[in-house]
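Below: one structure, written as structure tokens.
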Amino acid sequence: MLRIRFGKPALGALAGALLLAISACGGGGGGGGGAANTGASGSGAATSDLKVGLAFDIGGRGDKSFNDSAYAGLMRAKDELKAEVKDLSPVGDGSNRGELLRQLAGAGFNPIIGVGFAYAGDVETVAKEYPDVQFAIVDAPSSGPNVTGLTFAEHEGSYLAGVAAALKSKSGHLGFVGGVESDLIRKFEAGFIKGAKDTKPDIKIDSKYLTPDGDFKGFKAPDKGKTAAEKMFEDGADIVYHAAGDSGLGVFQAAAAAGAGKWAIGVDSDQAQTVKDAALQKIIMTSMIKRVDNGVFEFVKSAQGGAKGGQTISYDLKLEGVGLATTGDHISDVQDKVDEAKKKIISGEIKVPDKP
């Protein structure tokens with residue numbers, strides 16, 4: 001069972017905030033590189049006219065992380081809202097993202113979700129071509145009257161990961177592996193560093209990005225993730241946090257190979273639950289959860305109720321859109337201090353930067 005320290009009242013507030021915020025605004029009206037890797041989730045026994053399309057980011061379904069969290073929200077819409085659903089994955093370089101959105105819109109799917117900030121330009125363009133279709137984009141702001149932005153306070157959740165890592169570290173040396181050096185992934189790094197330094201000012205933190213901004217292959221390169229983490233462990237780090245998509249598997253492999261006392265921190269989903277290899281599950285100290293599943297589901301539910309786009313919803317610590325997983329009880333001995341930091345962020349006593 002998924003174990004995350006999120007409360008039902010906050011999740012109810014999150015759902016209400018999404019519905020009210022989207023309903024309050026107006027809007028909406030009356031390939032390159034090869035074939036798409038399509039994965040229809042099946043229409044199921046739909047009892048309504050709700051047809052939901054979802055276009056994955058690079059890595060697609062099965063990444064044990066960001067995409068799979070979005071997929072969980074899609075499946076919840078299928079089960080609870082009786083929606084007909086379809087998901088599509090881009091080619092390796094992501095060059096056909098716009099084509100996927102048009103394919104879904106042309107087939108009558110409405111609403112449609114683009115998973116990941118790399119869809120920003122394509123969602124903006126395609127939404128103009130289909131003004132009667134409601135779109136959402138994960139990790140980017142709204143770009144039109146029929147577009148809903150679903151963003152997350154990754155820096156706040158990463159701050160908590162930094163607090164936990166600093167308290168658990170025996171060597172006083174941590175690492176961070178980012179998939180792509182983009183503004184979004186730098187939010188993870190910024191929060192992690194701030195949380196660790198606020199907890200132990202003299203702690204050392206190594207950072208490494210696998211590819212530069214714009215080169216999304218860094219999210220699908222486990223070999224590079226492993227090499228980066230191996231170097232950090234060799235240099236003395238005993239805990240490495242990744243925000244690298246599929247490449248995080250390599251970070252886990254490096255931690256397992258480094259031996260006793262070495263840990264990794266997962267991202268987006270509770271990766272101690274989603275990674276199948278038992279040897280890797282054991283070295284995942286915690287994961288910084290982004291409730292992309294809730295964001296996707298609540299957007300679909302609101303769209304079903306007639307809500308329109310033109311609004312950006314921010315899922316922060318207050319709404320419990322981010323947080324730490326507790327699977328394995330590896331951070332139970334420092335949970336009180338993590339919870340204290342969370343309260344201070346929510347109250348405004350702690351300001352978490354979104355840039356390193």
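Each residue takes its place number in the sequence, starting with 1.
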Judged by atom type as modelled, is there a donor-acceptor pair below 3.5 Å linking the side chain of Asn67 to the main-chain atoms of Asp57? yes
Run the side chain to side chain contact (heavy atoms under 4.5 Å, CB included) check on Phe109 and Leu54 step by step: do they pass? CA-CA 9 Å; Phe109 287 89; Leu54 185 144; over 6 Å; no
Shared hydrophobic cluster, Ile284 / Trp263 (ILVMFWY, side-chain heavy atoms < 4.5 Å): no
Between Glu156 and Val352, the two heavy atoms sitting closest are N-CG1, 4.3 Å
Strictly distance-based, threshold 3.5 Å: is any side-chain N or O of Asn110 a donor or acceptor partner for the main-chain N or O of Gln134? yes
Under the side chain to side chain contact (heavy atoms under 4.5 Å, CB included) rule, what do His242 and Phe252 come out as? Steps first, then yes or no, please. CA-CA 9 Å; His242 90 84; Phe252 299 152; 3.7 Å; yes
For residues 183-195, which residue pairs qualify under side chain to side chain donor-acceptor pair (under 3.5 Å), counting only residues two or more places apart or in two chains? Glu154-Lys187, Asp183-Arg186, Glu189-Ser207, Glu189-Tyr209, Lys194-Asp198
Supply the atom-to-atom distance Lys290 NZ to Leu150 CG, rounded to the nearest 0.5 angstrom. 10.5 Å
What's the verdict on salt bridge (Lys or Arg N to Asp or Glu O under 4.0 Å) for Lys318 and Asp316, showing C-alpha distance, side-chain angles and the deciding distance? CA-CA 5 Å; Lys318 186 174 183 178; Asp316 57 11; over 6 Å; no
Heavy-atom closest pair, residues Ala341 and Val163: CB-CG2, 4.2 Å
Taking all atoms of both residues into account, what is the closest heavy-atom pair of Phe299 and Thr148, and its distance? CE1-OG1, 3.7 Å
Approximate separation, where rounding is to 0.5 Å, of Thr227 OG1 and Met232 CE: 11.5 Å
At their closest point, which heavy atom of Ala255 faces which heavy atom of Ile283, and how far apart are they? CB-CD1, 3.8 Å
Against the six-membered ring of Phe66, is Arg61 placed for a cation-pi contact (under 6.0 Å from the centre, within 45° of the normal)? no
Using the ring of each side chain (for Trp, its six-membered ring), is Phe117 parallel, tilted or perpendicular to Phe219, with breaks at 30° and 60°? perpendicular
Go through the steps for Lys220 and Asp246 under the test salt bridge (Lys or Arg N to Asp or Glu O under 4.0 Å), then give the verdict. CA-CA 5 Å; Lys220 198 172 174 60; Asp246 258 355; 3.4 Å; yes
Looking at Lys337, I'd like to know if its NZ atom is crowded, meaning that more than 12 non-hydrogen atoms belonging to other residues, nucleotides or ligands lie closer than 6.0 Å. no
Taking side chain to side chain donor-acceptor pair (under 3.5 Å) as the cut-off, I'd like each qualifying pair that reaches into residues 343-352, sequence neighbours left out, listed once. Glu340-Lys344
Just wondering, do Ile113 and Val300 contact through their side chains at under 4.5 Å, heavy atoms? yes
Return each pair, listed once, that meets salt bridge (Lys or Arg N to Asp or Glu O under 4.0 Å) where at least one residue sits in residues 226-236; pairs must be two or more places apart or across chains. Lys231-Asp235
Does Ala127 have any side chain to side chain contact (heavy atoms under 4.5 Å, CB included) partners at least two apart in sequence or in another chain, and if so, which? Phe135, Asn146, Val147
Asp270 and Thr327: side chain donor to acceptor below 3.5 Å: yes
If you measure from CZ on Phe56 to CG on Leu74, what distance do you get to the nearest 0.5 Å? 7.0 Å
If you round to the nearest 0.5 Å, how far is CZ of Arg97 from CG of Leu88? 13.5 Å
With heavy-atom distances below 4.5 Å as the criterion, would you say the side chains of Leu249 and Leu280 are in contact? yes
Does Lys197 use its side chain to pair, donor to acceptor, with the backbone of Ile203 at less than 3.5 Å? yes
Here the pair of heavy atoms bringing Gly195 nearest to Thr199 is O-OG1, 2.7 Å
For residues Asp238 and Ser171, is any side-chain donor paired with an opposing acceptor at under 3.5 Å? yes
Okay, side chain of Ser158, backbone of His155: is any donor-acceptor separation there less than 3.5 Å? no
Common cluster, Leu324/Val240, ILVMFWY with side-chain heavy-atom separation under 4.5 Å: no
Would you say the side chain of Thr211 lies within less than 4.5 Å of the side chain of Phe216, judging by non-hydrogen atoms? no
Grab the two heavy atoms, one from Ile331 and one from Ala164, that are nearest each other, plus how far apart they are. CG2-CB, 4.4 Å
Show me the side-chain donor-acceptor pairs of residues 174-181 shorter than 3.5 Å, one per line, residues at least two apart or across chains.
none

If you define the side chain from C-beta out and look only at heavy atoms, does anything of Leu317 sit under 4.5 Å from Tyr159? no
Side chains of Ser69 and Asp268: any donor to acceptor distance under 3.5 Å? no
If the threshold is 4.0 Å, N to carboxylate O, is there a salt bridge linking Glu129 and Arg102? yes
Under 4.5 Å between side-chain heavy atoms, counting indirect links through other Ile/Leu/Val/Met/Phe/Trp/Tyr residues: same cluster for Tyr315 and Met288 or not? yes
Gap between atom NZ of Lys342 and atom CD of Gln335 - 0.5 Å precision: 9.0 Å
Hphob cluster co-occupancy, Ile193 + Val338, side-chain heavy atoms under 4.5 angstrom: yes
Mind running side chain to side chain contact (heavy atoms under 4.5 Å, CB included) on Leu160 and Ile345 for me, showing each step along the way? CA-CA 10 Å; Leu160 301 185; Ile345 293 172; 4.2 Å; yes
Would you kindly confirm whether Val322 and Val115 end up in one hydrophobic cluster when ILVMFWY residues are joined by side chain heavy atoms under 4.5 Å apart? yes
Under the 3.5 angstrom rule, does the side chain of Asn96 hit a backbone N or O of Val91 as a donor-acceptor pair? yes
Quick check: does any side chain N or O of Lys168 sit under 3.5 Å from a backbone N or O of His330, one acting as donor and the other as acceptor? yes
Student check: side-chain heavy atoms of Lys82 and Lys78 closer than 4.5 Å: no
Can you confirm whether Phe152 sits close enough to Val292 that some side-chain heavy atom of one is under 4.5 Å from a side-chain heavy atom of the other? yes
Interatomic distance, CG@Leu210 vs NZ@Lys224, rounded to 0.5 Å, equals 7.0 Å
Checking Lys204 against Asp206 for the side chain to side chain contact (heavy atoms under 4.5 Å, CB included) test, could you report, in this order, the C-alpha distance in whole Å, the side-chain angles of both residues, the deciding distance, and whether it holds? CA-CA 7 Å; Lys204 180 178 180 181; Asp206 298 328; 3.6 Å; yes
Scan side-chain atoms only and decide if Ser95 and Asp93 contain a donor-acceptor pair under the 3.5 Å cut-off. yes
Mind jotting down which residue pairs meet the side chain to side chain donor-acceptor pair (under 3.5 Å) criterion with at least one end in residues 275-287? Sequence neighbours excluded, please. none
N/O donor-acceptor pair under 3.5 Å between Ser142 side chain and Gly144 backbone: yes
pair Thr151-Asp139: side-chain heavy atoms closer than 4.5 Å: no
Mind checking whether Thr274 and Asp68 have side chains closer than 4.5 Å, heavy atoms only? no
